K.L.:
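Here's a structure for you.
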Amino acid sequence: MESRYNPTAIEAKWQQVWAQGSDQTPDDPQAGTPDKPKFYALSMFPYPSGNLHMGHVRNYTITDVIARVHRMQGDRVLHPMGWDAFGLPAENAAIDRGIHPSKWTYQNIEQMRSQLKRLGLSYDWSREVTTCSPDYYKWTQWLFLQFLQAGLAYQKESAVNWDPVDQTVLANEQVDNEGRSWRSGAKVERKLLRQWFLKITDYAEQLLHDLNKLNGWPERVRLMQANWIGKSVGAYLEFPVVGMAEKIGVFTTRPDTVYGVTYLVLAPEHHLTAQVTTPEQQAAVEVFVQEVSNQSELERTAEDKPKRGIPTGGKAINPFTGEEIPILIADYVLVEYGTGAVMGVPAHDARDFEFAKQKQLPIKAVIVPQPDTTVVELEAAYTDPGFLINSSPFDGMASTEAKTAIIQAAAEKGIGKARIQYRLRDWLISRQRYWGAPIPVIHCPACGTVPVPEADLPVRLPEDIAFCGRGPSPLAQLEAWLQTSCPVCGGPGKRETDTMDTFIDSSWYFLRYPDATNQRQVFDPAKTNDWMPVDQYVGGIEHAILHLLYSRFFTKVLRDRGLLNFDEPFQRLLTQGMVQNKTYKNPVTGKYFLATAIDPANPRDPQTGESLEVFYEKMSKSKSNGVDPESVLVKYGADTARMFILFKAPPEKDLEWDDADVEGQFRFLNRVWRLVAEFVAKGGNTRNFSQASISSNLAKPQKDLRRAIHTAIQKVTEDLQGEYQFNTAVSELMKLSNALSDAAQDSPVYAEGIQMLVLLLAPLAPHIAAELWHVLGNSASVHTQKWPTFDLAALVVDEITLVIQILGKTRGTIQVPATANREALEQYARESAVGQRYLTDKVVKKVIVVPGKLINFVIT
RNA sequence: GCGGACGUGGCGAAAUUGGCAGACGCGCUAGAUUUAGGUUCUAGUCUCUUCGGAGGUGAAGGUUCAAGUCCUUUCGUCCGCACCA
């Protein structure tokens with residue numbers, strides 16, 4: 001055995017062994033392991049940008065450790081990897097560098113796959129999926145047809161988010177709250193276009209309700225999704241308009257305040273705006289509507305912006321009071337939400353109050369008075385519950401009951417009903433780009449929009465295509481591809497030129513892994529139902545809404561289509577923190593600097609000498625603070641990189657990169673190496689080791705060592721399952737290694753310690769563990785070994801340290817026999833030096849004993 | 001504004017869920033070995049101290065024999081949503 005730890009050599013060696021598959025446990029029931037419990041461990045698959053970054057390394061290391069532990073614990077484990085390979089960067093590369101998106105993408109995949117292999121990740125590569133491959137997108141298209149058949153895919157002309165840089169539309173979820181594209185960062189414009197949508201709103205209630213089932217998800221993510229779905233319970237009420245047959249419908253969560261309605265407000269785009277406007281107001285209204293339509297959504301919804309609105313001159317009638325009330329239009333009312341019209345109750349709604357004050361609209365009677373106050377003039381809206389007044393016949397009713405009663409009254413009059421409203425909108429999925437799965441429909445002048453027959457799938461992307469700038473989609477310009485025949489009538493038809501949002505591809509990839517190479521079906525339901533749901537999903541928090549909500553939606557639709565027998569795709573979710581690094585920024589110029597160019601003791605701009613801001617920020621090229629995983633692999637190896645990432649911070653927290661700490665982990669692996677090397681050099685091996693060879697009557701040093709070993713087994717096992725505390729698992733291994741360093745080497749217990757150290761290290765640092773296991777004389781792989789269990793008897797102690805407290809303050813400790821009962825403990829404590837000192841001449845009022853831990857004397 | 005998370009040494013962090021605060025590591029200090037250096041080993045490292053102790057988990061109160069942990073108030077940081085009627 002080499003006396004020096006040489007990660008480069010041993011990692012290459014073992015990766016080659018693993019590539020030949022000789023070191024794998026079968027993970028498939030078809031491979032003869034149907035009785036084992038299944039475990040599906042999944043990392044969010046990457047976009048093949050070309051190089052792996054530290055965020056990937058962290059994500060995949062976490063999942064790999066979990067997968068490896070479960071394998072050693074005897075589960076059959078599915079741990080696959082694939083590529084989220086459609087998307088704009090490929091197309092942009094085509095435009096900028098003249099390389100075909102397909103070529104660019106597959107080159108990147110090649111490169112990233114080999115980088116992944118160098119991290120020692122235990123993927124089953126036979127299940128690799130690539131979303132841009134026709135083998136995959138054929139089924140993406142097939143799934144689209146399922147949605148179409150189910151009435152869940154439709155076309156609609158609508159005002160959509162248009163990204164002027166990438167020349168495509170975006171889903172609401174893909175626009176940040178500053179109105180910028182998640183990808184290009186460009187300010188999004190509003191445009192009226194005919195687009196494809198998926199009816200995710202049909203599943204709003206289920207998507208919300210089933211969040212309750214996701215106990216293994218972070219509360220934060222569940223709240224974010226609930227918020228996004230945005231359920232409101234209320235009523236739909238109709239207000240007659242003076243001189244018009246058509247009524248104005250509003251949605252309100254406060255039907256109990258209907259007697260206080262002072263006015264109605266329509267969104268400027270409301271379909272009745274023009275009709276309710278009187279001739280005197282017509283000119284002003286037209287100007288206002290024009291102004292509002294020129295505003296972006298961002299400007300319109302900007303924070304602290306005063307509400308703007310004008311009267312239309314029209315009048316409505318409050319159907320409960322019979323009063324005439326004015327109709328206004330205002331920019332704060334959104335046409336997309338509810339009915340695009342609201343009833344104004346200034347006394348009980350903060351926005352209405354603000355608007356009424358500003359427009360000097362009358363504030364009608366208070367309906368739900370604030371308890372214990374006599375209101376002379378309202379200073380703010382009162383929005384809490386209370387008891388109704390000014391609302392005969394509902395006076396005296398509690399506001400919650402009044403809601404139901406008034407809805408019922410409205411229903412009886414035929415002017416309203418209970419209604420539930422969601423913020424969630426349908427999912428806009430069409431994109432005017434090339435590098436995506438073509439939407440499989442044909443437009444026929446005679447038959448209309450016709451689905452491509454299943455037998456004709458996939459609708460292939462044409463290979464021979466010119467990318468000549470960021471104009472309209474290249475597909476729309478390729479006549480040969482565009483022109484086709486109608487599958488129904490056989491006449492001339494045109495292909496749909498829009499492709500699907502890449503989030504469609506990633507909404508079902510986890511269903512494909514269980515049956516990744518199926519040519520006849522999207523997947524065999526038996527296989528997918530066997531492996532699904534994913535037992536542990538790991539990925540970044542940035543997908544809290546988009547990907548995770550879409551995937552849940554797909555799962556529910558496919559369940560309703562009879563393809564799946566479960567409701568939720570991801571049992572447990574771990575959102576791992578970001579990998580951050582020290583960032584140097586000139587606060588004046590805004591320029592970032594590479595750490596290598598800066599003296600950390602005195603961070604100054606090398607050019608101007610100005611002092612720099614120093615802080616931790618997510619690694620990125622633009623911040624000049626990235627660390628290339630490649631450089632770490634070359635210098636220290638994958639095992640050190642893995643150990644550092646696991647040890648440095650708990651998985652869900654942000655992790656600060658630190659070269660000194662990486663060095664520290666390398667030192668630890670070196671210590672482990674030397675420990676084993678010395679043991680082997682003295683003729684030690686664990687080939688014939690058995691626990692039975694350990695005497696039950698050990699001398700104290702051996703007994704202490706054995707306790708340390710089995711405590712480590714217990715703690716590492718706890719930390720690596722359930723709550724996933726990899727950082728403390730690593731520190732337990734360090735403790736075990738420290739204990740072994742201090743112990744005498746010539747005992748069976750020492751051999752046990754070496755054996756356990758290597759076994760427990762195996763999921764975390766797979767290469768060094770494989771090598772050490774081998775040099776210890778074992779022929780089978782460490783990764784196919786059974787996970788060790790601790791011996792309860794070894795944890796038993798003869799003596800414990802008893803803490804002696806007086807009035808809750810620790811005054812000292814004594815060693816006492818572990819078997820001592822309460823009385824005995826009290827006696828030991830009283831007789832001890834500490835007891836003598838503090839208890840003599842004192843009256844003890846009470847004695848509290850925590851067995852095995854402490855004794856507390858309450859004295860006067 | 002609404003909702004959520006979090007505040008512990010010089011730094012990253014631990015703390016059997018109410019029972020010796022600071023495990024483990026980084027950094028630092030001193031020493032030893034080797035030395036051209038990286039390395040390796042040993043000891044120390046919350047603060048104050050009259051060496052008996054005393055204080056200490058953002059701050060202030062409270063509950064308790066006992067609080068980093070529970071409750072109230074408050075300050076600060078971060079994240080999500082934000083005219084959703």
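Quick note on labels: first sequence line is chain A, next is B, and so on, each numbered from 1. Values in this document were obtained by computation on a predicted structure and should not be read as measured data.
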K.L.:
G25(B) C1' sits how many Å from L736(A) CG, rounded?
P.N.:
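After rounding, the gap between these two atoms is 16 Å.
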K.L.:
Mind checking N670(A) for me? I need base, sugar-phosphate or nothing, with any heavy atom below 4.0 Å counting as a touch.
P.N.:
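No contact.
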K.L.:
Whole angstroms only, please: what is the CZ-P distance between F615(A) and C11(B)?
P.N.:
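Distance check: F615(A) CZ to C11(B) P gives 19 Å.
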K.L.:
Starting at CG of L334(A) and ending at C1' of A85(B), how long is that distance when rounded to a whole Å?
P.N.:
9 Å
K.L.:
Considering only the P atoms, how many Å lie between G19(B) and C26(B), rounded to the nearest integer?
P.N.:
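Here G19(B) and C26(B) have their P atoms 29 Å from each other.
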K.L.:
Name the residue closer to the 5' end of RNA chain B, choosing between T813(A) and R674(A) according to the nucleotide with the nearest heavy atom.
P.N.:
T813(A)
K.L.:
Determine the Euclidean distance between corresponding P atoms of G68(B) and G55(B); express it in Å to zero decimal places.
P.N.:
13 Å
K.L.:
Could you check F251(A) against E656(A) and say which one's nearest nucleotide on RNA chain B is further toward the 5' end?
P.N.:
E656(A)
K.L.:
What I want to check is whether the side chains of Y236(A) and E238(A) have a donor and an acceptor closer together than 3.5 Å.
P.N.:
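Side-chain D/A pair, Y236(A) to E238(A): present.
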K.L.:
Under 4.0 Å between any heavy atoms, over every strand shown, what does R423(A) touch: base, sugar-phosphate, or nothing? Just pick one.
P.N.:
base
K.L.:
To the nearest Å, how far apart are N738(A) CG and A23(B) P?
P.N.:
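That distance rounds to 13 Å.
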K.L.:
Classify the nucleic acid contact of I848(A) as base, sugar-phosphate or nothing, counting any heavy atom under 4.0 Å across all strands shown.
P.N.:
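The residue I848(A) makes base contact.
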K.L.:
If I pick the C1' atom on A82(B) and the same atom on A14(B), what distance separates them, to the nearest angstrom?
P.N.:
38 Å
K.L.:
Checking all strands, does K653(A) fall into the base, sugar-phosphate, or nothing category for heavy-atom contacts under 4.0 angstrom?
P.N.:
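Sugar-phosphate contact only.
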K.L.:
On a whole-Å scale, what distance lies between the P atoms belonging to G44(B) and A54(B)?
P.N.:
23 Å
K.L.:
Taking the P atom of each, how far is A5(B) from C70(B), in whole Å?
P.N.:
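Result for the P pair: 12 Å, nearest Å.
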K.L.:
R837(A) near the nucleic acid: base, sugar-phosphate alone, or nothing, with a heavy-atom cut-off under 4.0 Å?
P.N.:
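Sugar-phosphate only.
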K.L.:
Can you tell me how far P of A14(B) sits from CG of L646(A), to the nearest Å?
P.N.:
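L646(A) atom CG is separated from A14(B) atom P by 13 Å.
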K.L.:
Determine whether a donor-acceptor pair (one donor, one acceptor, N or O, separation below 3.5 Å) exists between the side chain of N856(A) and the base of C65(B).
P.N.:
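Flag set: donor-acceptor pair detected.
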K.L.:
Using only side-chain N and O atoms of R667(A), determine if any of them is under 4.0 Å from OP1 or OP2 of C26(B).
P.N.:
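Result: yes.
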K.L.:
Could you tell me how far G61(B) sits from G3(B) if I compare only their P atoms? Round to whole Å.
P.N.:
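My reading of the P atoms in G3(B) and G61(B) gives 28 Å.
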K.L.:
Do the ring planes of Y724(A) and F726(A) sit parallel (below 30°), tilted (30 to 60°) or perpendicular (above 60°)?
P.N.:
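Judged by the thresholds at 30° and 60°, the geometry between Y724(A) and F726(A) is parallel.
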K.L.:
Using the ring of W228(A) (Phe, Tyr or Trp, six-membered ring only), decide whether R423(A) places NZ or CZ under 6.0 Å from its centre and within 45 degrees of its axis.
P.N.:
yes
K.L.:
Once the angle between the rings of Y5(A) and F666(A) is folded into 0 to 90°, is it parallel (under 30°), tilted (30 to 60°) or perpendicular (over 60°)?
P.N.:
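Tilted.
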K.L.:
Looking at every strand, decide which applies to V858(A) at a 4.0 Å heavy-atom threshold: base, sugar-phosphate, or nothing.
P.N.:
sugar-phosphate
K.L.:
What's L854(A) touching, base or sugar-phosphate or nothing? Going by heavy atoms closer than 4.0 Å.
P.N.:
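L854(A): base contact, heavy atoms under 4.0 Å.
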K.L.:
State, to 0.1 Å, how close T383(A) and A350(A) come at their nearest heavy-atom pair, and which atoms those are.
P.N.:
CG2-N, 4.3 Å
K.L.:
Checking K307(A) against F355(A): charged group under 6.0 Å from the ring centre and within 45 degrees of the axis?
P.N.:
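No.
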K.L.:
Contact class for A660(A) vs. all strands (heavy atom < 4.0 Å): base, sugar-phosphate, or nothing?
P.N.:
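Sugar-phosphate: the residue A660(A), judged by heavy atoms under 4.0 Å, touches backbone atoms but no base.
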K.L.:
Between G37(B) and C48(B), how far apart are the two C1' atoms, rounded to whole Å?
P.N.:
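Rounded to whole Å, the distance is 40 Å.
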K.L.:
Measure NZ/K809(A) against P/G53(B) and give the value in whole Å, please.
P.N.:
14 Å
K.L.:
Say you pick atom P in C6(B) and the same atom in U39(B); how far apart are they, in whole Å?
P.N.:
38 Å
K.L.:
How many angstroms lie between atom CD1 of I598(A) and atom OG1 of T583(A), to the nearest 0.5 angstrom?
P.N.:
11.5 Å
K.L.:
OP1, OP2 of A82(B) versus side-chain N and O of N227(A): anything below 4.0 Å?
P.N.:
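N227(A) to A82(B) OP1/OP2: no side-chain N or O under 4.0 Å.
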K.L.:
Where does RNA chain B pair, written as one dot-bracket string 5' to 3', with Watson-Crick or G-U pairs under 3.5 Å, ( ) inside the strand, [ ] for crossing pairs and | for another strand?
P.N.:
(((((((..(((......[....)))((((((.......))))))(((....)))..(((((..]....))))))))))))....
K.L.:
Looking only at the side chains, is there a donor atom on one of Y422(A) and E205(A) sitting less than 3.5 Å from an acceptor on the other?
P.N.:
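The answer is yes; a qualifying pair exists.
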K.L.:
Output the distance between atom CH2 (W427(A)) and atom OG1 (T201(A)), rounded to the nearest 0.5 Å.
P.N.:
13.0 Å
K.L.:
Roughly how many Å is it from CD in Q805(A) to P in U64(B), rounded to a whole number?
P.N.:
17 Å
